[in-house]
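Please read the structure below before turning to the comments.
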Amino acid sequence: MMVPAALLLLGALAAVVAPRLLARAGWPDHEPVVALWVWQCVVAAVILCCALSMTLSAAAAWQAVRGHVFASAPHAVVEAYALRTTGPWAAATAVTLACAGVWSGAMLVREVVRARAGRRQRRAELLVRAPLLPGEGPVGGQLVVLEGERADAWWLSGPAPQLVVTTAALRRLKGRQLDAVLAHEQGHARARHDWLLHCSAALAGGFPQVPVFAAFRDEMHRLVELAADDTASRRHGRLTTALALVELNEDRGVFGPSPTTRTHVPQRVHRLLTPPARLTRARRVSLTATAALAPAVPVLVAFVPGLRALG
């Protein structure tokens, strides 16, 4: 049976070629939202190739699975897949891919649990440093100011999301720069970027030897920041957003000759100050539609023998 092998080959091809094409393309920095969608479609196509290959391999290896997968299929369709001519590799492939799927789910659960535990810890620390007054309850969207010598601002998600800003950041942020920081963090929250980061971290952590998942994680971290920058700049201007980034990160050594952390911050500031030309609407639509077809390709490959058998 060649279909499971073809699906695995297709998944491997997509995992190797797509990241290289995206790395060479210049438009992802121009359209980070579209690039986020394309990356998700590529990874979804790779995962779908593995899932379909696992299903067909299991159907070839075990009669019970075959009965469920092809329960309502005509006899000619079942014969088209040549399920009875497979060797012992079918069971090994199905078990390996199933274990990989379970491992991916476990890694995602671990990432979510860690994120929630960290959020609970940060909220508990916030209540210690900025306790609620008698009769006061947490209000979503409110601004919380903490004493701090380091300029910092972060969005604390949860049932009552809050923007936390240190006093050092307030002294640095001028005019509408604080509003730009708030719009940036709200852009992350509205687009649910945390789930993209959780999924990409789970795949990269679970399969560190698979380059496409490591590239997916790195690009998600970079592109979600660019997308949030665009959200803030549309509301408060590119110069204001760039100045807010500089004020929050100037003391962290990211603009020196040897940046230590957050080395993408100078590129983000440069991008805001010298905005790249956006793609045309037709180009954005074509990229979005083409990427959406990527997960459909493995489905088509899996159904080709059955469709041929039906005439």
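As the structure is a computational prediction, the values presented were derived from the model and not from experiment.
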Main chain of Leu287, side chain of Thr290: is a donor-acceptor contact present, judged purely on distance under 3.5 Å? no

List, by chain and number, the other hydrophobic cluster members for Val33, where Ile, Leu, Val, Met, Phe, Trp and Tyr join if side-chain heavy atoms come within less than 4.5 Å, directly or indirectly. none

Side chains of Arg235 and Gln186 in contact at under 4.5 Å (non-hydrogen atoms): yes

ring-ring contact (aromatic ring centres under 6.0 Å, His included) with Phe303: which residues, sequence neighbours excluded? none

Any Val181 side-chain heavy atom under 4.5 Å of Trp155 side chain: no

With ILVMFWY side chains joined below 4.5 Å, transitively, what does Leu13's cluster contain besides itself? Val17, Leu21

Indicate yes or no: at least one non-hydrogen side-chain atom of Leu226 is less than 4.5 angstrom from one of Arg268. yes

Can you confirm whether His270 sits close enough to Val265 that some side-chain heavy atom of one is under 4.5 Å from a side-chain heavy atom of the other? no

Closest heavy-atom contact between Gln209 and Pro211? O-CD, 3.3 Å

How close do Ala169 and Leu248 get, heavy atom to heavy atom, and via which atoms? CB-CD2, 3.8 Å

Applying salt bridge (charged side-chain N to carboxylate O under 4.0 Å, His left out), name anything that partners Asp218, two or more places apart in sequence or on another chain. none

Nearest 0.5 Å please: distance from the CD atom of Glu149 over to the OG1 atom of Thr167. 6.5 Å

Using modelled atom types only, decide if a donor and an acceptor are shared between the side chain of Arg66 and the backbone of Ala60 within a distance under 3.5 Å. yes

Kindly compute the distance separating OG1 (Thr240) from CG (Leu178), expressed to the nearest 0.5 Å. 12.0 Å

Hey, what else clusters with Val128 if you join Ile, Leu, Val, Met, Phe, Trp, Tyr whenever side-chain heavy atoms sit under 4.5 Å? none

Considering non-hydrogen atoms only, spot the tightest contact between Pro305 and Ala80 and give its length. O-CB, 3.5 Å

Transitive ILVMFWY cluster of Leu156, excluding itself - 4.5 Å side-chain cut-off: Leu126, Val144, Leu146, Trp154, Val164

Checking side chain to side chain contact (heavy atoms under 4.5 Å, CB included) for the pair Leu197/His221: CA distance, chi angles, key distance, verdict? CA-CA 7 Å; Leu197 298 180; His221 279 277; 3.9 Å; yes

Sorted by chain and number, sequence neighbours left out, side chain to side chain donor-acceptor pair (under 3.5 Å) with Arg172 holds for Glu247, Glu250, Asp251

How long is the straight-line distance from CG of Leu9 back to CE of Met2, given to the nearest 0.5 Å? 9.0 Å

If I take atom OG1 from residue Thr241 and atom CZ from residue Arg234, how far apart are they, to the nearest 0.5 angstrom? 10.5 Å

Leu293 with Val285, same ILVMFWY side-chain cluster at under 4.5 Å: no

Separation between CG (Leu223) and CD (Glu31), nearest 0.5 Å, reads 11.5 Å

Is it true that a side-chain atom of Thr166 and a backbone atom of Asp152 form a donor plus acceptor pair closer than 3.5 Å? yes

Distance-only check: which donor-acceptor pairs under 3.5 Å involve side-chain atoms of residues 99-118, not counting sequence neighbours?
{"unit_1": "Trp103", "atom_1": "NE1", "unit_2": "Gly206", "atom_2": "O", "d": "2.9"}
{"unit_1": "Ser104", "atom_1": "OG", "unit_2": "Ala100", "atom_2": "O", "d": "2.9"}

Taken in chain and number order and not counting sequence neighbours, the residues that satisfy salt bridge (charged side-chain N to carboxylate O under 4.0 Å, His left out) with Arg217 are none

Taking ring pair (Phe, Tyr, Trp, His ring centres under 6.0 Å) as the cut-off, I'd like each qualifying pair that reaches into residues 162-198, sequence neighbours left out, listed once. His184-His188, His188-His193, Trp195-His198

Shared ILVMFWY cluster between Leu8 and Val65, side chains joined below 4.5 angstrom? no

Nearest heavy-atom approach of Gly148 to Arg171 is O-NH2, 4.0 Å

Interatomic spacing from CG in Leu7 to CG in Leu97 - rounded to 0.5 Å: 10.0 Å

For Glu147, does the CD atom sit with more than 12 other heavy atoms under 6.0 Å from it, leaving out its own atoms? no

Only pairs under 3.5 Å count here: list side-chain donor-acceptor contacts from residues 34-54, not counting sequence neighbours, and write none if there are none.
{"unit_1": "Trp37", "atom_1": "NE1", "unit_2": "Thr288", "atom_2": "O", "d": "3.1"}
{"unit_1": "Gln40", "atom_1": "NE2", "unit_2": "Leu36", "atom_2": "O", "d": "3.1"}
{"unit_1": "Ser53", "atom_1": "OG", "unit_2": "Pro4", "atom_2": "O", "d": "3.1"}

If every non-hydrogen atom of Val3 is compared with every non-hydrogen atom of Ala302, which pair is closest and at what distance? CG1-CA, 4.0 Å

Could you check if a side-chain atom of Val269 sits within less than 4.5 angstrom of a side-chain atom of Asn249, using non-hydrogen atoms only? no

Identify which one of Arg271, Gln267, Arg222 satisfies the side-chain hydrogen bond (donor to acceptor under 3.5 Å, both in side chains) criterion when paired with Asp29. Arg222

Is any side-chain heavy atom of Asp194 closer than 4.5 Å to a side-chain heavy atom of Arg192? yes

List the residues meeting salt bridge (charged side-chain N to carboxylate O under 4.0 Å, His left out) with Glu185, not counting sequence neighbours, and say none if there are none. none

Common cluster, Val299/Val301, ILVMFWY with side-chain heavy-atom separation under 4.5 Å: yes

Closest heavy-atom pair, Leu272 versus Ser233, reported as atoms and distance to 0.1 Å, is CD2-CB, 4.1 Å

